[in-house]
Amino acid sequence: MSSQLVGAGADLPDGFAAELIAWQRVHGRSGLPWQHTRDPYVVWLSEVMLQQTQVSTVLTYFLRFLLRFPDVQSLASAPSDEVMALWSGLGYYSRARNLHRCAQVVVAEHGGAFPRSARELALLPGIGESTAAAIAAFCHGERISILDGNVRRVLSRLLAFSGDMSQASAQKALGSLAQALVPKTAAGDDMTAYTQGLMDLGATICTRSRPLCERCPVSALCRARAAGTVDQFPVKTRKTQRRHETWWLLLARTVLASGQTHWWLQRRPSQGIWAGLFCVPVFDSDLSLMETVDATQRDKLRLLEPISHSLTHRELRLQPMLLDCAEQDAGWVSNGQWVPEYALHAHGMPAPLRTLLLAQRLGGGLQDAEPAR
DNA sequence: AACGCGTGGAT
DNA sequence: TATCCAAGCGT
């Protein structure tokens, strides 16, 4: 295996790392709240939140999360539902569950200190190879390469790497090249600047469309640039198919003696979309929703405006039906609970549902699909 | 090893 | 509007 790595290394451009590091220190991003620290807890939290999620989206979640859970011990001892509530709206909720489990493992099995090497970090829940490499490089200067979307785009162009990113074998091959490009001698915080530089270059210069090659510090080394084929990299053949579905949502509402509005929420199954989150009852047809509602109340159902909500692999048409009922009428669904409006923020729930419930409070009459009279 | 898993921004 | 995809991971 080492002979292959050496062979690949012989093909690589000289001076890439040095140019990138110098560029990052002048033109790279430096004001993000998870930079300028080597606290593995802070870096870990940011890296997990940033998985498949843009910086601008993460910012507020990160600051709020760190305020509530300032260290790994406080996170480890928190109730799972509180972690999910703070993650609510950020998506990919298995990240939050793994984050919580990881904190508990670090406390219980590592005395509250994250392992230092990428190899050991990658054994923890929710930490894959790329995240492990980022933590080890940022916190301890380990000479190891990340391999995220930015690196795949930057390096596939730099090397005119034609492997298909849809295939694991090609990603592995590019990962070996990425590792071979890591600076041989990384002094001080060189690995921090190098790692950050790879991502900054991909995020601000070597962008998906219309890259700013004139401003790129390594354009002279870039093989796609030389061939005029920058727009052909990275290669990715697999297209994500998106299935269309309609989900019928039962928004059951009641006003208790306290005068507070409550919503009927259930916990989602532990597998699948929105696993473990709180949600209103979901049905796959209007008929099945109607059959669930007591016959004496069906004429109180009101059809609201549908919402389209797209996931990576699904295009959902969410069709809400509003039902005002008395508390004692609620015998028609099991395993749920009335949740007061003031407590919704403390429940992890899907983003579109939060929007939907909020819209009812703020004058849902405007959203009523039935004609005004 | 391909697929499931959220949400929002950019084009 | 449709599509891509962003500091990926688990199975």
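Computed from a predicted model, the values in this text were never measured in an experiment. All chains are named by letter (A, B, ...) in the order of the sequence lines, taking the proteins before the strands, and each is independently numbered beginning at 1.
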Checklist entry - Under a 4.0 Å N-O cut-off, is there an ion pair linking R25(A) with D190(A)? => result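 Answer for the salt bridge query: yes.
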Take the protein atom [atom1] of [X] and the nucleotide atom [atom2] of [N], then report the distance between them rounded to whole Å.
X: I135(A); N: dC9(C); atom1: CD1; atom2: P; answer: 9 Å
X: Y61(A); N: dG6(B); atom1: OH; atom2: P; answer: 13 Å
X: L123(A); N: dG10(C); atom1: CG; atom2: P; answer: 10 Å

Looking at the side chain of [X], which of [options] is the nearest nucleotide?
X: S56(A); options: dA7(C), dG9(B), dC3(B); answer: dG9(B)
X: Q54(A); options: dC4(C), dA6(C), dA7(C); answer: dA6(C)
X: T312(A); options: dC9(C), dG6(B), dC5(C); answer: dG6(B)
X: R95(A); options: dG6(B), dT7(B), dC4(C); answer: dG6(B)
X: D148(A); options: dG9(B), dG8(C), dG6(B); answer: dG8(C)

Could you check whether [X] gets within reach of a base, just the sugar-phosphate, or nothing at all, counting any heavy atom under 4.0 Å?
X: S209(A); value: sugar-phosphate
X: T207(A); value: nothing
X: A351(A); value: sugar-phosphate
X: I273(A); value: sugar-phosphate
X: I127(A); value: sugar-phosphate
X: V48(A); value: nothing
X: Q196(A); value: base
X: W34(A); value: base

Quiz item: So, T261(A) and R361(A): side-chain donor and acceptor under 3.5 Å apart, yes or no?
Solution: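 No, because no side-chain N or O of T261(A) sits under 3.5 Å from a partner of the opposite role on R361(A).
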With a 4.0 Å cutoff (strictly under), does any side-chain N or O of [X] reach OP1 or OP2 of [N]?
X: R314(A); N: dC5(B); answer: yes
X: W87(A); N: dG6(B); answer: no
X: Q52(A); N: dA6(C); answer: no
X: R153(A); N: dA6(C); answer: yes
X: H313(A); N: dC5(B); answer: yes
X: H309(A); N: dT7(B); answer: yes
X: K236(A); N: dC5(C); answer: yes
X: Y93(A); N: dT7(B); answer: yes

Next item on the list: Hey, can you tell me if W247(A) and W274(A) have their rings parallel, tilted or perpendicular (30° and 60° cut-offs)?
Entry: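 W247(A) and W274(A): perpendicular rings.
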Which sits closer to the 5' end of DNA chain C, G202(A) or G126(A), going by the nucleotide each is nearest to?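 Result: G202(A).
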Evaluate the ring pair (Phe, Tyr, Trp, His ring centres under 6.0 Å) criterion for residues W264(A) and W338(A): first the C-alpha distance (whole Å), next the side-chain angles of each, then the deciding distance (0.1 Å), finally the verdict. CA-CA 5 Å; W264(A) 184 260; W338(A) 289 114; 5.2 Å; yes
To check you understand the geometry: which heavy-atom pair defines the closest contact between R116(A) and L121(A), and what is its length?
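So the two residues come closest at O-CD1, 4.1 Å.
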message: Using the C1' atom as the point on both nucleotides, what is the distance between dG10(C) and dG8(B), in whole Å?
response: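 Approximately 24 Å lies between the C1' atom of dG8(B) and that of dG10(C).
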